[in-house]
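Chain identifiers are assigned alphabetically (A, B, ...) following the order of the sequence lines, protein sequences preceding nucleic acid strands; residue numbering begins at 1 within each chain.
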Number of protein chains: 2
Amino acid sequence: MTISEENYIKVIYHLSLVSPKGVNTNAIAGMLDTKASSVTDMLKKLSDKDLVSYQKYQGVTLTDKGFFSAKMIVRKHRLWEVFLVDKLGFSWDEVHEIAEELEHIKSEQLINKLDAFLGFPVADPHGDPIPDAKGVIKKIEKQLLSEVEINASFHCVGVKDSSTDFLKYLDKQKIALGSVVKVIDREDFDDTLTVEIDGKRLTISNKIANNLYVQ
Amino acid sequence: MTISEENYIKVIYHLSLVSPKGVNTNAIAGMLDTKASSVTDMLKKLSDKDLVSYQKYQGVTLTDKGFFSAKMIVRKHRLWEVFLVDKLGFSWDEVHEIAEELEHIKSEQLINKLDAFLGFPVADPHGDPIPDAKGVIKKIEKQLLSEVEINASFHCVGVKDSSTDFLKYLDKQKIALGSVVKVIDREDFDDTLTVEIDGKRLTISNKIANNLYVQ
DNA sequence: TTTTATTTTTAGTTTTGTCTAAATTTAATT
DNA sequence: AATTAAATTTAGACAAAACTAAAAATAAAA
Ligand SMILES: [Mn+2]
Ligand SMILES: [Mn+2]
Ligand SMILES: [Mn+2]
Ligand SMILES: [Mn+2]
C-alpha cells in the first residue's frame with residue numbers, strides 16, 4: 001500500500017464508523033482536502049486491490065481486508081502519539097501531524113516493539129482506543145459531558161474534537177484526561193454547564209461539553 | 001524535499017566523502033538501485049533547487065545547502081537507529097531498513113526531542129558519528145584493525161561494512177562495540193590476524209580486520 | 001412527475017519519478 | 001591519431017496521484 005492509499009483507507013474507516021452503510025465520495029474528499037474526481041480514481045484502485053467494495057454512485061465500504069488494514073494504521077497512529085507525548089514530552093495538541101507521517105512506517109516488528117516499550121497502552125493521548133496487534137479494540141465506556149445527569153461526578157476520558165484550539169482551551173482551564181468533573185448545574189436556556197473540575201468551579205458552554213467525554 | 005530527493009542527497013553525501021571532487025552518475029545509480037538516466041533527471045532537479053552543483057558529464061558535488069540537508073538526514077537516520085537498538089531492543093543488523101524510512105519524517109522538533117530523549121548520543125549502533133542540530137560532526141578517532149601494530153590493545157569502536165552478514169558474524173564471535181581486542185600476531189602470507197577478544201583467542205581474516213574500526 | 005440542484009463520474013491534462021532505447025560525450029586502447 | 005569501449009545524457013513512454021471542465025446519475029423541490 002502506498003501512503004496515499006493508506007490515508008484513504010484510514011479516512012474511509014473513520015467515516016464508516018458514522019455512516020456504516022456507505023461512505024460518500026464528497027465526504028472523503030472533504031477529509032483529505034482533495035477533489036471528488038481524485039477520490040473516484042482512488043476508489044477504483046482500492047476496489048481493484050480488494051480493500052473496499054465500491055459501486056459507482058453508491059458510496060463505498062471497507063472489505064474485511066480493508067477494515068483490518070485501517071485498524072493497523074490507526075494502531076500505528078495512536079501508538080506513535082503515545083510515544084510522542086509520554087516519552088518525548090510533546091503536548092497533546094502537537095502530535096497529530098507528526099503521527100500522520102509516522103503511521104506509514106512499514107515494519108510490523110517495529111510497531112509491536114513500540115507497543116511493548118510503551119507498556120501496551122489502551123488509549124492514545126486524546127482518549128481514543130488503540131487496536132491491539134490482532135485488530136481488537138477494547139471499547140472504552142464514555143459519555144459526552146453534555147449528556148450526563150446533574151449532581152454526579154465523572155472522570156475525563158477523552159475528547160471528541162482534537163483540534164489545537166479545543167485542546168489548548170482545555171489546557172488553559174487545566175482540564176486533562178483523568179480530571180474529576182462534578183456537574184453542578186445546567187442552564188435551561190442554552191445548556192451551559194456549571195461544573196467543578198478538580199475542585200475548581202467553572203462555567204462551560206454546551207459546545208465544550210459536547211466535545212468532552214467522561215465516564 | 002521529497003523522499004526521493006532526500007535519498008539522492010544522502011547518497012551523494014556518502015559518495016562525496018570518498019570522491020570529493022565529483023560524484024559519478026553511475027555510482028549514484030548503483031547505490032540507489034536505479035538507472036543512470038533516472039539519476040541524470042534527478043540531478044537536474046536538485047541542481048535547480050540549488051542542492052547540488054552539476055555540469056553534464058562532469059559529476060556532481062553538494063552545495064552548502066545540500067551538504068547541510070544531507071547531514072540532517074544522516075542525523076535523523078542515526079538517531080532513529082539508536083532509538084531502535086537502545087530503546088526498542090532491535091539488534092544492530094535489523095535497524096538500517098527501518099531507519100531508511102524514519103529518516104524522512106519531517107519535524108525538526110521531533111528529532112531534537114528524540115536526541116534529548118536518547119541522551120545526545122555521539123555515535124549510532126554501528127559506531128558512525130551523529131551530526132548535532134547544527135550539523136557539526138564530532139570526529140571519532142579510529143583505525144582499521146587491519147592497519148594496527150602488533151602486540152597492542154584496542155577497543156572496537158565501529159564497523160566499516162554494516163551488512164547483515166558481517167554484523168551477524170561479529171555477533172557469533174561475540175565481538176561488539178566496546179570489546180577489547182589485543183593483536184597477537186599477523187600472518188605475513190595473507191595478513192590473517194590472531195587476536196584476543198575480551199580475553200578469548202580468535203583467528204580473523206584480513207577481510208574481517210579490514211571492516212572493523214578500533215581505537 | 002417534471003424540473004432543478006447536488007453529487008458523482010468521465011475525459012483529458014499535469015507533475016513526479018521511473019524506465020528503455022538511442023544518441024552523445026568522455027575515456028581507454030590500439 | 002584513430003578506433004573502441006564506457007559513461008552519460010536525451011528522447012519518448014509509462015504509472016501514480018493529483019487537477020479542471022464537462023457529462024451523467026441521483027436526490028430534492030416544485
Ligand atoms: Mn497519514
Ligand atoms: Mn489521537
Ligand atoms: Mn531513506
Ligand atoms: Mn548506522
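A search for side chain to side chain contact (heavy atoms under 4.5 Å, CB included) contacts involving B/Ile3 returns B/Asn7, B/His104, not counting sequence neighbours. Contacts of A/Phe83 classified as ring-ring contact (aromatic ring centres under 6.0 Å, His included), with partners at least two apart in sequence or in another chain: A/Trp80, B/Phe83. With sequence neighbours left out, A/His77 forms a ring-ring contact (aromatic ring centres under 6.0 Å, His included) with A/His96. Qualifying side chain to side chain contact (heavy atoms under 4.5 Å, CB included) partners for B/Glu141, counting only residues two or more places apart in sequence or in other chains: B/Gln215. By the side chain to side chain contact (heavy atoms under 4.5 Å, CB included) test, A/Asn24 pairs with A/Ala27, sequence neighbours left out.
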Using atom types as modelled, flag every donor-acceptor pair under 3.5 Å from a side chain in residues 29-51 of chain B to any protein atom, sequence neighbours excluded.
| unit_1 | atom_1 | unit_2 | atom_2 | d |
| --- | --- | --- | --- | --- |
| B/Thr40 | OG1 | B/Ala36 | O | 3.2 |
| B/Lys49 | NZ | B/Glu5 | OE1 | 3.1 |
| B/Lys49 | NZ | B/Glu5 | OE2 | 3.0 |

List the atom pairs, donor and acceptor, that lie under 3.5 Å between side-chain atoms in residues 8-15 of chain A and the rest of the protein, sequence neighbours left out.
| unit_1 | atom_1 | unit_2 | atom_2 | d |
| --- | --- | --- | --- | --- |
| A/Lys10 | NZ | A/Glu100 | OE1 | 3.1 |
| A/Lys10 | NZ | A/Glu100 | OE2 | 2.8 |
| A/Lys10 | NZ | A/Glu103 | OE1 | 2.9 |
| A/Lys10 | NZ | A/Glu103 | OE2 | 3.1 |

Let me check something: any side-chain donor-acceptor pairs from residues 66-73 of chain B under 3.5 Å, sequence neighbours excluded? List them with distances.
| unit_1 | atom_1 | unit_2 | atom_2 | d |
| --- | --- | --- | --- | --- |
| B/Ser69 | OG | B/Lys65 | O | 2.9 |
| B/Lys71 | NZ | B/Gly135 | O | 3.1 |

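Of all the residues in residues 12-31 of chain A, not one reaches under 4.0 Å from DNA chain D with any non-hydrogen atom. Contacts between residues 35-44 of chain A and DNA chain C, counted as heavy-atom distances below 4.0 Å, involve A/Ala36, A/Ser37, A/Thr40, A/Lys44.
Counted by atom type alone, A/Thr194 and A/Thr203 present zero donor-acceptor pairs between their side chains at under 3.5 Å.
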Give every pair of a protein N or O atom and an N or O atom of nucleotides 23-25 of chain D that lie under 3.5 Å apart, one pair per line with the distance.
| unit_1 | atom_1 | unit_2 | atom_2 | d |
| --- | --- | --- | --- | --- |
| D/dA25 | O4' | A/Tyr57 | OH | 3.3 |

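When DNA chain C is scanned in the 5' to 3' direction for atoms under 4.0 Å from non-hydrogen atoms of chain A, the outermost contacting nucleotides are C/dT7 to C/dT10.
Of the charged side-chain nitrogens involved, at least one lies within less than 4.0 Å of a carboxylate oxygen, so that A/Arg75 and A/Asp115 count as a salt-bridged pair.
Nearest-nucleotide mapping onto DNA chain D: of A/Ile3 and B/Tyr54, the residue sitting toward the 5' end is B/Tyr54.
Screening A/Val195, A/Val157, A/Val148, A/Leu144 for a side chain to side chain contact (heavy atoms under 4.5 Å, CB included) with A/Val214, the sole residue that qualifies is A/Val148.
Note that CG of A/Asp124 and CD of A/Glu81 are 4.5 Å apart. Values are rounded to the nearest 0.5 Å.
Annotation: cation-pi geometry not satisfied between B/Lys87 and A/Phe117 (NZ/CZ under 6.0 angstrom from ring centroid, within 45° of ring axis).
The phosphate of D/dA18 (OP1 or OP2) has a side-chain N or O of A/Ser4 nearer than 4.0 angstrom.
The distance between atom CE of A/Met1 and atom P of D/dA16, rounded to the nearest whole Å, is 15 Å.
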